[in-house]
Amino acid sequence: MNLHEYQGKQILKTFGIGIQEGIVAESPEKAVEAAKELTKTTGTNWWVIKAQVHAGGRGKGGGVKLAKSLEEVMERATNIIGMNLVTPQTGPQGKKVHKVLIAQDVYYPGESKTAEFYVSVLLNRQTGKNIIMYSTEGGMDIEEVAEKTPHLIFKEEVDPAVGLQGFQARRVAFNLGLSGNAFKEMTKFIANLYKAYDSIDASLFEINPVLKTSDNKIIAVDAKVNMDDNALYRHPNIAELRDILEEDPTEVEAGKHDLNYVKLDGNVGCMVNGAGLAMATMDMIKLSGGEPANFCDVGGTANAARVEQAFRIILSDPNVKAILVNIFGGIVRCDRVAQGIVDAYKNIGTIPVPIIVRLQGTNAAEGKKIIDDSGLKVYSAIQLKEAAELVNQVLTK
Ligand code: GDP
Ligand code: MN
């Protein structure tokens, strides 16, 4: 699960980190009210209108705009709310903007004493340690910095068993070229950011840019947070921050039925029990000349109701030209799965694409017979190779 910038910043604030203050708004009128409120609390006379979508690079796509008057706040909020924002991270189809953050302007034009840094904390799965990744080149596309000037990106590995050490936070501040008060502020910022990342079980906490103001304060101007979903149950207050408008509607629907479904952009839908088998099945689809349209793990209980739900979800994707069902009958018997498929098929009525069912394991032969005798437009196979050939046949027909 991902969080919005405004949600990430509120979390940072509870950990004692200075942020660019802001108020979220869902209409231009509310945006103006928010701007007035911010003037009361922060004294700002300029505001930044920031699209709240789960994608970075908003500035580049026109989703971050400065407003120098309340009229401009109204105008910019009107333009941004409802817009289809296309950034390097959204893909060409873009993302619809449902709300904006009205933030205080924290940049003072013409001042040379400000600086923008990049700081993130994330998990290094290879070493099983957390990494603080940071750079003097903040405010820019960090992927581009990594490609063109990799020596400007620094890393500090933190052993989760001992936590962040004081000397490590000081090394970060030193490498960022800071001294005096800014140095002290940065060591606090790093310690608190690490604490925030660790305490909420995030898998990524990225602040780009981190701003050093002319009066040597260190503040978070942006916040990107990815949560470790397996630990979300420990943070019900963060789980509540989920914004399903930002997620793929088919995946949300699948989640309601406890199906592990990830939409992909190919033409062969697949329904499999077990994640490993699902990965192998996707490889097989590629070998047979197709492209997987989805990853779908129905789990251990492939009964009629679940199979039916999975069919409906897979079929809601108009790109699907064939469906491959690949079930290994270990705990679940193949004849029961086969009956489930036949029942689900009948319940749905007409399924417009060919279905190839490969059943292997307990009672595989009985399962195949049920499929073959059903009179439905379903092809059966026991060997993986046969199933791949069938997929190839129906695609090239
Ligand atoms: P992103 O493009 O999605 O990463 O969104 P950011 O929150 O990082 O904002 C993009 C850019 O907008 C920043 O790199 C800044 O250059 C600019 N920006 C953000 N806040 C302010 C502000 O308070 N004043 C001004 N003038 N520019 C800002
Ligand atoms: Mn940013």
Side-chain angles (χ1 to χ4, degrees), residues 2-13 17-25 31 34-35 38-39 41-69 72-73 76-77 79-80 83-91 94-122 133-146 153 189 193 204-215 217-226 243 246:
N2 301 336
L3 301 183
H4 282 295
E5 172 195 0
Y6 76 93
Q7 297 167 330
K9 279 173 159 175
Q10 285 312 313
I11 294 172
L12 291 176
K13 203 172 165 178
I17 291 176
I19 58 164
Q20 175 194 42
E21 293 285 350
I23 299 172
V24 75
L38 272 178
T39 302
T41 52
T42 67
T44 190
N45 285 315
W46 287 5
W47 306 267
V48 193
I49 320 300
K50 310 179 84 176
Q52 296 300 289
V53 291
H54 288 178
R58 295 163 302 162
K60 275 189 187 155
V64 178
K65 296 271 189 204
L66 186 66
K68 299 183 179 177
S69 67
E72 276 187 14
V73 171
R76 304 233 187 270
N79 290 340
I80 295 177
M83 88 186 277
N84 194 47
L85 181 60
V86 180
T87 85
Q89 293 183 15
T90 58
K95 275 202 143 205
K96 186 153 188 216
V97 181
H98 297 280
K99 47 193 165 192
V100 288
L101 179 66
I102 310 302
Q104 62 174 152
D105 175 33
V106 287
Y107 288 62
Y108 314 104
E111 283 212 27
S112 57
K113 290 181 207 141
T114 58
E116 286 179 309
F117 306 115
Y118 170 95
V119 182
S120 64
V121 189
L122 65 158
M133 204 187 292
Y134 60 105
S135 174
T136 48
E137 308 306 293
M140 306 211 269
D141 192 350
I142 197 68
E143 284 79 14
E144 206 178 309
V145 180
I153 295 185
F189 178 93
L193 177 62
L204 170 75
F205 218 129
E206 179 186 68
I207 320 292
N208 186 26
V210 173
L211 183 74
K212 179 183 91 77
T213 63
S214 53
D215 51 355
K217 290 202 179 72
I218 303 293
I219 64 171
V221 175
D222 193 4
K224 174 177 177 175
V225 185
N226 296 351
D243 182 354
E246 294 292 319

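As the structure lists them, so they are numbered: ligands from 1, and atoms in each ligand from 1.
Atom 19 (C) of ligand 1 has as its closest protein heavy atom Val221 CG1, 3.6 Å. The closest protein non-hydrogen atom to atom 20 (N) of ligand 1 is Gln20 NE2, 3.1 Å. The shortest contact between atom 15 (C) of ligand 1 and any protein heavy atom is with Tyr107 OH, 3.6 Å. Remark: minimum distance from atom 17 (C) of ligand 1 to any protein heavy atom is reached at Val64 CG1, 4.5 Å. Regarding atom 1 (P) of ligand 1, its nearest protein heavy-atom neighbour is Arg58 N, 3.5 Å. Taking atom 2 (O) of ligand 1 as the reference point, the nearest protein heavy-atom neighbour is Gly59 N, 2.8 Å.
Here the straight-line distance linking atom OG1 of Thr114 with atom CG of Asp215 works out to 11.0 Å at 0.5 Å rounding. The structure places OH of Tyr107 at 3.5 Å from CD of Glu116, a figure rounded to the nearest 0.5 Å. The CD1 atom of Ile102 sits 8.0 Å away from the CG atom of Leu38 when rounded to the nearest 0.5 Å. One distance of note links CD of Gln10 with CD of Glu5; it measures 10.5 Å at 0.5 Å rounding. The structure places CG of Leu66 at 7.5 Å from CD of Glu72, a figure rounded to the nearest 0.5 Å. Atom CD of Gln104 and atom OG1 of Thr39 lie 10.0 Å apart (nearest 0.5 Å).
Backbone and side-chain nitrogen or oxygen atoms of Lys50 are examined, and one is located within less than 3.5 angstrom of a nitrogen or oxygen of ligand 1. Distances between N or O atoms of Gly57 and those of ligand 1 include at least one value under 3.5 Å. Residue Pro209 has no nitrogen or oxygen atom sitting less than 3.5 Å from a nitrogen or oxygen atom of ligand 1, judged on distance alone.
If you number the atoms of ligand 1 from 1 as listed, the ones under 4.0 Å from a heavy atom of Val106 come out as 22 (C), 23 (O). Residue contact check: Gln104 has heavy atoms under 4.0 Å from atoms 23 (O) of ligand 1. Listed by number with element, the atoms of ligand 1 under 4.0 angstrom from any heavy atom of Asp222 are 1 (P), 4 (O), 5 (O), 6 (P), 7 (O), 8 (O). Numbered from 1 in the order shown, with element, the atoms of ligand 1 that lie under 4.0 Å from a heavy atom of Gly56 read 3 (O).
Side chain of Lys9 to backbone of Ala223: no donor-acceptor contact under 3.5 angstrom is found. Thr87 contributes a side-chain N or O that, together with a main-chain N or O of Gly56, makes up a donor-acceptor pair within less than 3.5 Å. Judged purely by atom type and a 3.5 angstrom limit, Trp47 uses its side chain to pair as donor or acceptor with the backbone of Ala35.
Counting heavy atoms under 4.0 Å from ligand 1, residue Asn208 touches it through the backbone alone. By the criterion of a heavy-atom distance under 4.0 Å, the side chain of Val48, and not its backbone, is placed next to ligand 1. Residue contacts with ligand 1, taken as heavy atom pairs separated by less than 4.0 Å, involve Asp105 via backbone and side-chain atoms alike.
The Mn ion (ligand 2) has Asn208 O, Asp222 OD2 as protein N, O or S atoms under 2.8 Å away.
Minimum interatomic distance between Ala220 and Ile207 (heavy atoms only, all atoms of both residues): CB-CG2, 3.6 Å. Taking each heavy atom of Ser135 and Val145 in turn, the nearest pair found is OG-CG1, 4.2 Å. Of all the heavy atoms in Gly57 and Pro88, the pair that sits closest is O-CD, 4.0 Å.
Partner of Phe205 under the side chain to side chain contact (heavy atoms under 4.5 Å, CB included) criterion, chosen from Leu12, Leu3, Asn226: Leu12. The side-chain hydrogen bond (donor to acceptor under 3.5 Å, both in side chains) test with Tyr6 singles out one residue from Lys50, Gln52, Lys99, and that residue is Lys99.
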Pair Lys13, Glu21 - check salt bridge (Lys or Arg N to Asp or Glu O under 4.0 Å), show working. CA-CA 9 Å; Lys13 203 172 165 178; Glu21 293 285 350; 3.0 Å; yes
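Residue contacts with ligand 1: Glu116 is included, with a non-hydrogen atom under 4.0 Å away.
Less than 4.0 angstrom separates atom 11 (C) of ligand 1 from none of the non-hydrogen atoms of the protein.
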